[in-house]
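This one's a predicted model, so the numbers in the text were calculated from it and none came from an experiment. Computed from heavy atoms alone, side chains included, the values below leave out hydrogens, waters and symmetry copies. Each ligand, and each atom within it, is numbered from 1 in the order the structure gives.
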Amino acid sequence: MCGIIGYVGNRPAVPILLQALRDLEYRGYDSAGIAVLDGDGVSIAKKQGKLVNLESALSNVPAGTVGIGHTRWATHGRPSDENAHPHASCDGRTMVIHNGIVENYASLKEELSARGHAFRSETDTEILAHLLEERIREGADLFRALRETARRLEGSQAIVAMSLDEPDVLAAARLGNAGGVVVGFGNGETVVASDLAAVLPITQEVAFLADGQVARVTSGGIEVATVDGDPVRLERKRIPIDPVTALKGQFPHFMLKEIHEQPEALADTIWSLATLDPAALYFDDLGSAAARLAQVERVVLIGMGTSLHAAMLGQRYIEAFARVPAFADNASEFRYRDPVLDGRTLVISVSQSGETVDVLEAMAVARAAGALQITVCNTEGAQTTRVAEGTVYTRAGLERGVASTKCFTAAVVALYLLALRLAMAKGRVTEAELAGHLSDLAHLPGAVATIIARRDALRGRAIQLARAEHVLFLGRGLAYPVAMEGALKLKEVSYIHAEGYAAGEMKHGPIALIEPAFPTVAIATQHALRSKMVSNIEQIQARGGPVTAIVTEGDDELAALCDAAIAVPPVSPWLEPVVAVIPLQLLAYDVAVHRGCDVDQPRNLAKTVTVE
Ligand code: F6R
């Protein structure tokens with residue numbers, strides 16, 4: 001949460017900072033601000049609301065070539081001009097931007113106030129500017145001042161600071177898991193940002209700070225040390241860039257564009273991990289985890305939100321194919337409940353960003369217990385990939401819409417293949433069976449493309465659902481996580497209250513809600529539990545509840561039973577979740593557009609959740 005950018009180089013900083021903030025705005029959009037060193041002074045501009053407010057408020061654009069910028073998702077202090085970052089020290093010479101929470105904020109504020117510091121905002125971030133000011137006044141350079149300040153902070157933080165006392169230097173720190181800090185090395189210019197989206201338009205040569213590291217950033221590169229001052233050498237990487245995925249193109253919203261990208265994202269993910277002829281799996285990034293898979297006796301899958309729903313499907317694939325007990329858990333619960341883990345437990349974390357704080361903290365718990373870890377991640381070099389022994393990259397390309405779509409389906413197929421990989425290691429799947437599974441997968445991108453091409457036919461349904469105040473999503477078996485995901489998509493982009501339930505749970509309470517104004521969406525494709533779903537649909541209809549069903553093409557009997565039916569092409573039952581979720585994504589999108597909601601930047605949300 002919060003987007004951070006710092007630039008030190010040879011070009012005017014303002015246009016670069018603003019472009020980076022546009023690329024980072026999905027991380028938070030309560031307010032935005034920039035500070036640029038300009039001659040002997042500093043120009044600071046901050047505005048509540050979306051970035052566009054800041055852009056229209058910028059009258060005099062300073063020509064300085066060193067600056068920092070921030071787009072905020074509020075934690076301490078409401079969204080306002082005063083609380084927007086950057087924050088300055090009392091003497092106005094030191095400026096900071098920040099992502100995270102200073103947990104000992106109250107005691108530090110009391111201490112600083114007692115020493116005469118005056119606070120101009122309600123944020124915890126401002127503490128950092130005052131602490132840095134004190135260190136610099138005592139004679140520390142910015143780099144040392146930030147290391148010393150870092151040692152006083154509790155909680156997870158990503159920080160970038162600059163000072164008029166060293167006008168050609170930025171200092172950046174990563175402490176814990178408040179989001180990444182990536183450094184980009186250009187030609188006579190260096191950038192530091194909270195994620196790759198802001199760096200890749202400038203350079204593909206990058207390095208990532210690890211927990212507890214602080215960098216001195218100049219136009220010529222970086223010097224890195226731990227908070228205790230021990231020097232660190234960072235490994236540089238070249239990140240491939242796909243400029244097309246970063247732009248909206250002909251689409252009005254990133255969410256719609258990313259829904260349309262799914263056939264390609266699925267194909268890229270599948271064929272980066274498998275071949276059809278010969279039928280084989282290639283997990284090049286499993287590292288030392290590969291050799292230990294045969295010893296795995298239990299699997300725990302962790303994730304949050306949409307990624308948790310993918311993990312729930314992964315659980316079902318692993319149990320079915322590898323016959324290893326598997327359990328999917330919410331990472332924010334897992335991390336606090338002292339889970340039973342050992343060296344024969346495989347923990348699979350699912351995270352599109354690879355930076356979600358609860359996932360990273362849960363991984364720390366798993367690491368301390370000696371569990372083997374694999375992460376399923378869409379972001380090259382993200383923190384989860386550095387903590388886990390092995391990585392399975394999804395190849396969905398950059399996802400910019402706050403509501404995750406293509407990363408969900410890409411994670412589901414990656415987990416499907418990982419389950420098969422585990423099954424091979426355990427000797428539970430024959431080569432002929434593997435060939436069958438891969439040939440089923442080969443049809444999937446085409447089936448998804450077919451559904452997307454029928455979007456116009458769904459619009460009428462969306463207009464009707466847009467009038468509802470509440471919507472229930474029901475599924476059984478593999479369709480249960482799909483019901484959860486359908487409900488999450490609808491609520492986050494359209495603000496309609498929606499719940500995803502296991503259909504069998506209906507009679508244990510939720511059925512009391514059913515009445516004519518309470519529509520249900522039932523995921524009732526041809527899976528083994530279809531007949532049970534039919535009973536649930538009939539029970540809802542008997543109580544006057546309208547039902548829209550997701551059915552398999554040709555299932556006219558079920559289509560006729562429901563108030564409306566959305567047909568999806570037949571695929572292997574294991575892959576039905578991937579086709580069934582596509583109309584739910586499209587429905588959520590069209591409902592939200594119909595209701596005039598901000599689809600790509602829903603209220604209160606941010607793409608990467610780096611605070612608890
Ligand atoms: C919903 C959505 C979120 C994320 C969740 C985890 O559309 O995108 O629920 O899935 O915040 O994020 P990652 O996958 O980055 O760990």
For this session: Determine yes or no for a side-chain-to-main-chain donor-acceptor pair under 3.5 angstrom, with Asp600 supplying the side chain and Phe254 the backbone.
Result: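 Checked: pair present.
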Problem set entry | Polar side-chain atom of Glu319 near backbone of Arg316 as donor-acceptor pair, under 3.5 Å |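 Looks like no, no N/O pair under 3.5 Å.
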Problem set entry | Atom CG of Asp338: over 12 foreign heavy atoms under 6.0 Å |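 Atom CG in Asp338 is not packed in, count stays at 12 or less.
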Exercise. Between Gln262 and Thr409, does any side-chain donor sit less than 3.5 Å from a side-chain acceptor?
Worked result: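 Yes, side-chain donor-acceptor contact under 3.5 Å.
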For this session: Walk me through it: do Asn378 and Lys406 pass the test side chain to side chain contact (heavy atoms under 4.5 Å, CB included)?
Result: CA-CA 10 Å; Asn378 195 51; Lys406 62 178 181 172; 5.8 Å; no
I need the atoms of ligand 1 closer than 4.0 Å to a non-hydrogen atom of [X], numbered in the order shown.
{"X": "Ala403", "result": "7 (O)"}
{"X": "Gly305", "result": "9 (O)"}
{"X": "Lys489", "result": "1 (C), 7 (O)"}
{"X": "Glu492", "result": "1 (C), 7 (O)"}
{"X": "Ser351", "result": "13 (P), 14 (O), 15 (O), 16 (O)"}
{"X": "Ser353", "result": "13 (P), 15 (O), 16 (O)"}

For this session: Check the angle between the aromatic planes of His470 and Phe518 and answer parallel, tilted or perpendicular using the 30° and 60° thresholds.
Result: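 Aromatic pair His470/Phe518 classed tilted.
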Exercise. Does Val402 have a heavy atom less than 4.0 Å from any atom of ligand 1?
Worked result: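 Contact check Val402 vs ligand 1: positive.
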